Protein chains: 2
Amino acid sequence: MPGRTAVTARGVDAIPVRPARIQDVAAAAGVSVSTVSNVLNRPERVNARTAERVRDAVAALDYVPHPGAAGLRTGHTSSIGLVLPDVTNSFYARIARGAADAAYDHGYALVLCHSGDAPEREQGYFTMLVEQRAVGAVVVPLSADPTRLTRLRERGIPLVLADRAMPAQDGCSVSVDDIAGGRIAVQHLLGCGARDIVVVNGERSIRQCTDRYQGARQAVRTRREARLGQVVAEEMTVAYGMEIARGLDDLPDGVFCTNDFLAAGLCRGLAERGVKVPEDVQVVGYGDLDIASFVGTTLTTVRQPVEDLGRAAVEMLLDEVEARAEHAHEARVFAPGLVLRDSTLSLAAG
Amino acid sequence: MPGRTAVTARGVDAIPVRPARIQDVAAAAGVSVSTVSNVLNRPERVNARTAERVRDAVAALDYVPHPGAAGLRTGHTSSIGLVLPDVTNSFYARIARGAADAAYDHGYALVLCHSGDAPEREQGYFTMLVEQRAVGAVVVPLSADPTRLTRLRERGIPLVLADRAMPAQDGCSVSVDDIAGGRIAVQHLLGCGARDIVVVNGERSIRQCTDRYQGARQAVRTRREARLGQVVAEEMTVAYGMEIARGLDDLPDGVFCTNDFLAAGLCRGLAERGVKVPEDVQVVGYGDLDIASFVGTTLTTVRQPVEDLGRAAVEMLLDEVEARAEHAHEARVFAPGLVLRDSTLSLAAG
DNA sequence: CCACCGGCAAAAAACGTTTTAGTCACCGCC
DNA sequence: GGCGGTGACTAAAACGTTTTTTGCCGGTGG
């Protein structure tokens, strides 16, 4: 799709005014270059009156330091990488938002690396980050294989893994507690009176899926009379959710879908069969995607503090970058929460 | 939500091996520093055999040039800014993806600036970009007021506006042709047999909304017997879509909602009233959000080539950066397309 | 009166490149 | 044999900072 061009015009660029150097500021303030630098970086070392004069000059000339030059001298830049599979996926987008917020607060630039499910591109970004002398990176790696990350590691670029566990001696990581998530989901179903519960799950090979199921089992064990079943969908999509709804033989009274797409599909499938949600079957989803509040009967679901993940990742990274010696690696795990909507009876909360 | 810490460990960082400098390469290859530089930047100037030797040394030492130092000398970096209101919004996320792809292809780093609807933060990012000496920026500005962008402009940082028109003499811009979008949406309704059509629109102050309505009018004018009405929603949300469905007095036979949220809500509201989509009323949405394929009856909608927007923006920006003198500003407009789903009868396509 | 010190400020040496202006050897030509 | 040219390389000067070292000056304790 080449697009059409509406209007064009020669670029009449303004005269590109050369930005002020530190030297100019020094001259304007009648001090030496080093004094200016000191005012900017260690104000306590310089006399208040002089500092004042220098600051005036800075303002007058609209001086901004050249980070390249500074980085050259100090050996570190102020940019960090964020590499993730797909910005378009709302889960990762939320991580990105959290990371962007934190980076902004700390004055770092966040360079967005969209690996797009292509391992070679992920690798390409890694080398770009070492080229750029990025000071660290938050990464949601494409595969669990940790050797892929060695290139960064051995170049001395600190890493924080997001949404993937990491042996804590290797570095920091942030993730959501999926066991707890599964537990609160099923606890809620039990609290709403459900006793015959089915987990509609994704592939067993996905860590998140087995964790959520494990949490569900923990919850069920607390109730003598409750039973737990499981159905595994090939893919975690709306379509498979519908299919599973059609295939359910004896209807359970509660269903925990380990993702909101499955849950949405399931609800639709049940509706087609004339089964009412939540009167006949109560449903809990997982993820609190946009879709959860849009489907026919809005979904009770488990919400993950994803922005917090991104934010924490950046902050842990910067701690490592700035503290260096005293930094202790940490695998921080966040607690999910429950969002109550129409697909459960909500007799009890939690 | 503080999160809990599972495991911690002292950071046993690998000895931070100082990266090789160009000087080391020169020594290893037995040539001067400038020769190495020439091999890397203007290979034609140096003897093939020498170049070979240098390249071997580069590989052996795993040398990567220091962009800060290079930028210091050459005066330009290789990073560009992408500032947008919200990465989490799928429209902007798709722009980001396109931009990231293009930036990656051209070897530029894309720094993500999430302005989050806060004008002062947007401004903060602008100054960050000039500090960082970014070579240019793609921006989806928060407000139409162009004076906000002057800070970048007068610092000589080229800009490409995305999703907002811009006088072409001031710079490049990319956008989607919303008039065409409105037209094809309503043309489709007409083609499906609808004659009494209502546009469910957003605030008149939003350029996109008035454009889409204008397109709708154009389409209707081609049919003598067709009539067009308009309802304006306070906000373009699912909730308002439902409300409007409830309030419709004499049902039209076709509805064009200028965004998919409205359309989804409308469908739900109609269903509550027992009105069948598409048998009684045909509905077309706009935007092809995820939601469009999830709602009860999946939505026929207008799809915008958003990734192309992002990609084109970056490419136009880099053209301006690299060509400078010969660059001609351009306001590129992309054509939307129609996605056929269940909410229209699809007697005719397009 | 001297040595020393503390508080400021300035000079100068990096940091890792790119690029300009050579240097040098060699060649062909009158 | 001198002379201009050319091809291949190098020395050295930037680029804009930060940081270490040095220097100055007035005050203070001995």
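Model, not experiment: these values are computed from the prediction. A note on names: the letters A, B, ... follow the listed sequences, proteins ahead of strands, and every chain is numbered from 1.
Side chains of A:Leu82 and A:Val111 form no contact here, defined as non-hydrogen atoms less than 4.5 Å apart.
A donor-acceptor contact closer than 3.5 angstrom links the side chains of B:Thr35 and B:Ser32.
If you check distances only, the side chain of B:Ser34 does reach the base of D:dA11 with a donor-acceptor pair under 3.5 Å.
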Between A:Arg311 and A:Glu307, does the salt bridge (Lys or Arg N to Asp or Glu O under 4.0 Å) criterion hold? Intermediate values first, please. CA-CA 6 Å; A:Arg311 169 170 280 281; A:Glu307 284 84 358; over 6 Å; no
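Listed by residue number, A:Tyr63, A:Val64, A:Pro65, A:His66, A:Ala69, A:Ala70, A:Leu72, A:Arg73, A:Thr74 are the residues of residues 61-76 of chain A with a heavy-atom contact under 4.0 Å to DNA chain D.
Shown here are the side-chain contact (heavy atoms from CB on, under 4.5 Å) partners of A:Ala57, two or more places apart in sequence or in another chain: A:Val25, A:Ala28, A:Ala29.
One finds a salt bridge joining A:Arg332 and A:Glu330 here, because a Lys/Arg side-chain nitrogen approaches an Asp/Glu carboxylate oxygen to under 4.0 Å.
Heavy-atom contacts from other residues, nucleotides or ligands closer than 6.0 Å to CD of A:Gln23 number 12 or fewer.
Within 4.0 Å (heavy atoms only), A:Val31 reaches sugar-phosphate atoms of the nucleic acid but no base atom. Residue A:Val46 is in sugar-phosphate contact alone, with no base atom involved, counting any heavy-atom pair closer than 4.0 Å across all strands shown.
On the nucleic acid side, DNA chain C contacts chain A at distances under 4.0 Å to non-hydrogen atoms, with the end points of that region at C:dC8 to C:dG16.
Relative to the ring axis of A:Tyr104, B:Arg121 places its NZ or CZ within 45° and under 6.0 Å from the centre.
Rounded to whole Å, atom C1' of D:dA11 lies 13 Å from atom CG of B:Asn38. Look at CZ on A:Arg45: it is 13 Å from P on D:dT18, rounded to the nearest Å.
Nearest heavy-atom pair, B:Met316 versus B:Cys172, reported as atom, atom and distance to 0.1 Å: CE-CB, 3.4 Å.
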